[in-house]
Protein chains: 2
Amino acid sequence: MANSLGKTANPPRMRDFGNSTHEESNDTHSRILRAAGPVFAARGYSGATVREICSSAEVNVASVGYHFGDKLGLYRQVIHDLRVARAKRFPAPNTDRQQPEETLHALVHTLLSRMLTVEESAWETELLMREMQNPTPIFESIVEDFFRPLFDQLLETLRLLVKEELPDHQLQHLAFSTVGQCLYYRVGAEAIRVLIPESERQLHYEIGSLSQHITTVMLAACKNVSRLPAPRENRD
Amino acid sequence: MANSLGKTANPPRMRDFGNSTHEESNDTHSRILRAAGPVFAARGYSGATVREICSSAEVNVASVGYHFGDKLGLYRQVIHDLRVARAKRFPAPNTDRQQPEETLHALVHTLLSRMLTVEESAWETELLMREMQNPTPIFESIVEDFFRPLFDQLLETLRLLVKEELPDHQLQHLAFSTVGQCLYYRVGAEAIRVLIPESERQLHYEIGSLSQHITTVMLAACKNVSRLPAPRENRD
DNA sequence: TGACAATTTAAACGATTGTTTAAAACAGGC
DNA sequence: GCCTGTTTTAAACAATCGTTTAAATTGTCA
């Protein structure tokens, strides 16, 4: 009988860590959580093995069962912690009292930072990308809590930037154009590595100039788009 | 001893199918190939099992070893066939004797068609996307044979569209902006499904209007971009 | 038909997976 | 010291993986 729906073994029943994070603690519970993230990110949920996680955490294999019920329970906890950690690290930029041009640039910069940050927590982005391609039941809540706020902010900023009033779907397309350009430097990173020689990549592919470029593209688009003619009837 | 490097079992040694494709044949070899693509696409290379492939092909499990050496050999063959099939189905648009604006639109339309086609061969795109996120040794050749031609065509088209002469890296960024916008409607499809209600999706998210929109954005960007000030020195 | 190679088959192999077990180690209160 | 509940451990479990084996089947040509 697989669980992960609360009922772990009888004894432990998920201790209540009043101190929210496990960042610094060094007990088995925290060690597993710290080790699991990078492994899940590197190998995917099903590719990751409990043994590798526990080996990396220097902990017995049975500990996962004891502390998290099963592998899926551990994964859920990792995703949960990831969400609160990132909401803290990449707060949506403060948009009030700002020219919409600046706001757009700030939003693009935030997006690119979330995508391309390669520091100690690159595994977080990797994990979210895996959820996008292989969505689990957790995915929808990730979109709502994590993507939607920035998406809405982007929509409102673009609404201020276009000269005439546009129907919703055209604004949405502009928003997706923005997000898509940012996302590509992560999704297509391996392709870019093949297409562009390393020397040029190191010069012109850091967050600063990329966000500058993308902002320029979108500002030009906003100034030029106009209400499109009604799309031809599509029948299917 | 794993093989897949040519030496299968002694006997068969990869029969030479003079008739290039296996589309219609019904022998074991072809049945496996037809069944393997969708399974690899749905589950990923390591997630796919030869048992599921063989079960779907109604063929004995040992047949994979006999005809393709091993699982990786089968995968290579699937990718190989996929490449020739798609090159035939989505030929790069003919660019000569055309206004660059039309060429851009045609390129965007081709890109989006490759991304969003959901007909009998949606698994092909899915498989390529998986290669982008989880590159195998095959990936580099895929980029060279499959992405590079369209990328170069895109670069030349954009060069004709910008008013002043731009350094290479700015043209590359414009090309990636184009590709990124197209790619997003595939990569972010699951996110879009959550963000945009279905009614609106069915109205405004078919290939025609999306390629119209993306082309408009990029044309506006081309008319407005100018040689950026030299980027600040970056030191690392 | 009979001989021989090509192909298909059922069964097994060894390795690895997530999970469970039952005993050992540890903790704190008396 | 002992007792009790919690945590950790080594070992085993059943399931599944890719692959191999050796026999059975099929096809082909003399």
Side-chain angles (χ1 to χ4, degrees), chain A residues 1-17 22 25-36 39-40 42-78 136, chain B residues 1-17 22 25-36 39-40 42-78 136:
Chain A
M1 174 198 299
N3 39 15
S4 92
L5 300 176
K7 177 184 165 220
T8 73
N10 333 17
R13 186 153 62 256
M14 209 74 69
R15 302 175 318 198
D16 58 331
F17 280 83
H22 57 275
S25 315
N26 211 22
D27 50 18
T28 303
H29 189 97
S30 309
R31 297 247 296 284
I32 295 178
L33 276 178
R34 269 201 304 275
V39 177
F40 277 131
R43 316 234 186 263
Y45 172 75
S46 55
T49 72
V50 176
R51 281 175 169 83
E52 179 179 358
I53 292 171
C54 290
S55 161
S56 159
E58 295 178 319
V59 153
N60 188 279
V61 271
S63 305
V64 164
Y66 182 76
H67 286 277
F68 302 94
D70 57 6
K71 185 185 178 185
L72 183 56
L74 171 58
Y75 183 70
R76 276 201 239 260
Q77 190 67 43
V78 167
T136 71
Chain B
M1 176 200 297
N3 41 11
S4 92
L5 299 176
K7 178 187 166 220
T8 75
N10 334 15
R13 184 153 64 261
M14 209 76 67
R15 301 176 317 197
D16 59 333
F17 280 82
H22 57 278
S25 315
N26 211 22
D27 50 19
T28 303
H29 188 97
S30 309
R31 297 249 296 284
I32 296 178
L33 277 179
R34 268 201 305 274
V39 177
F40 277 131
R43 315 234 186 262
Y45 172 73
S46 54
T49 72
V50 311
R51 279 178 169 82
E52 179 179 358
I53 292 171
C54 291
S55 161
S56 160
E58 295 178 317
V59 151
N60 189 277
V61 272
S63 306
V64 164
Y66 181 76
H67 286 277
F68 302 94
D70 57 6
K71 185 185 176 184
L72 183 57
L74 170 58
Y75 183 70
R76 277 201 237 262
Q77 190 67 44
V78 167
T136 71

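Chain A is the first sequence line, chain B the second, and so forth, proteins listed ahead of strands; every chain is numbered from 1.
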How long is the line joining [atom1] of [X] and [atom2] of [N], in whole Å?
X: B:K71; N: D:dG18; atom1: NZ; atom2: P; value: 4 Å
X: A:N26; N: D:dT8; atom1: CG; atom2: P; value: 12 Å
X: A:D70; N: C:dT19; atom1: CG; atom2: C1'; value: 9 Å
X: A:R51; N: D:dA12; atom1: CZ; atom2: P; value: 13 Å
X: B:F68; N: D:dT20; atom1: CZ; atom2: C1'; value: 18 Å
X: A:E58; N: D:dT7; atom1: CD; atom2: C1'; value: 18 Å
X: B:I32; N: D:dT19; atom1: CD1; atom2: P; value: 13 Å
X: A:N60; N: D:dA10; atom1: CG; atom2: P; value: 6 Å

Can you identify which nucleotide, out of [options], has its nearest atom closest to the [X] side chain?
X: B:Y66; options: C:dA6, D:dT19, C:dT19; answer: C:dA6
X: B:T49; options: C:dT7, D:dC17, C:dT21; answer: D:dC17
X: B:A62; options: C:dA10, D:dT19, C:dT20; answer: C:dA10

Working for side chain to side chain contact (heavy atoms under 4.5 Å, CB included), residues A:R34 and A:N26: CA-CA 10 Å; A:R34 269 201 304 275; A:N26 211 22; 3.3 Å; yes

Look at the side-chain N and O atoms of B:T28 and state whether any lies under 4.0 Å from the OP1 or OP2 oxygen of C:dT7.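 No, outside the criterion.
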
OP1, OP2 of C:dT8 versus side-chain N and O of B:H67: anything below 4.0 Å?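 For C:dT8, OP1/OP2 do have a side-chain N/O of B:H67 under 4.0 Å.
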
Classify the angle between the aromatic ring planes of B:F40 and B:Y45 as parallel (below 30°), tilted (30 to 60°) or perpendicular (above 60°).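 Because their plane-to-plane angle is under 30°, the rings of B:F40 and B:Y45 count as parallel.
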
Which distance, rounded to the nearest 0.5 Å, do you find between the CD1 of A:I32 and the OH of A:Y66?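 With rounding to 0.5 Å, CD1 (A:I32) is 11.5 Å from OH (A:Y66).
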
As a quick check of understanding, evaluate side chain to side chain contact (heavy atoms under 4.5 Å, CB included) for B:H67 and B:Q77, giving each step before the final call. CA-CA 11 Å; B:H67 286 277; B:Q77 190 67 44; over 6 Å; no

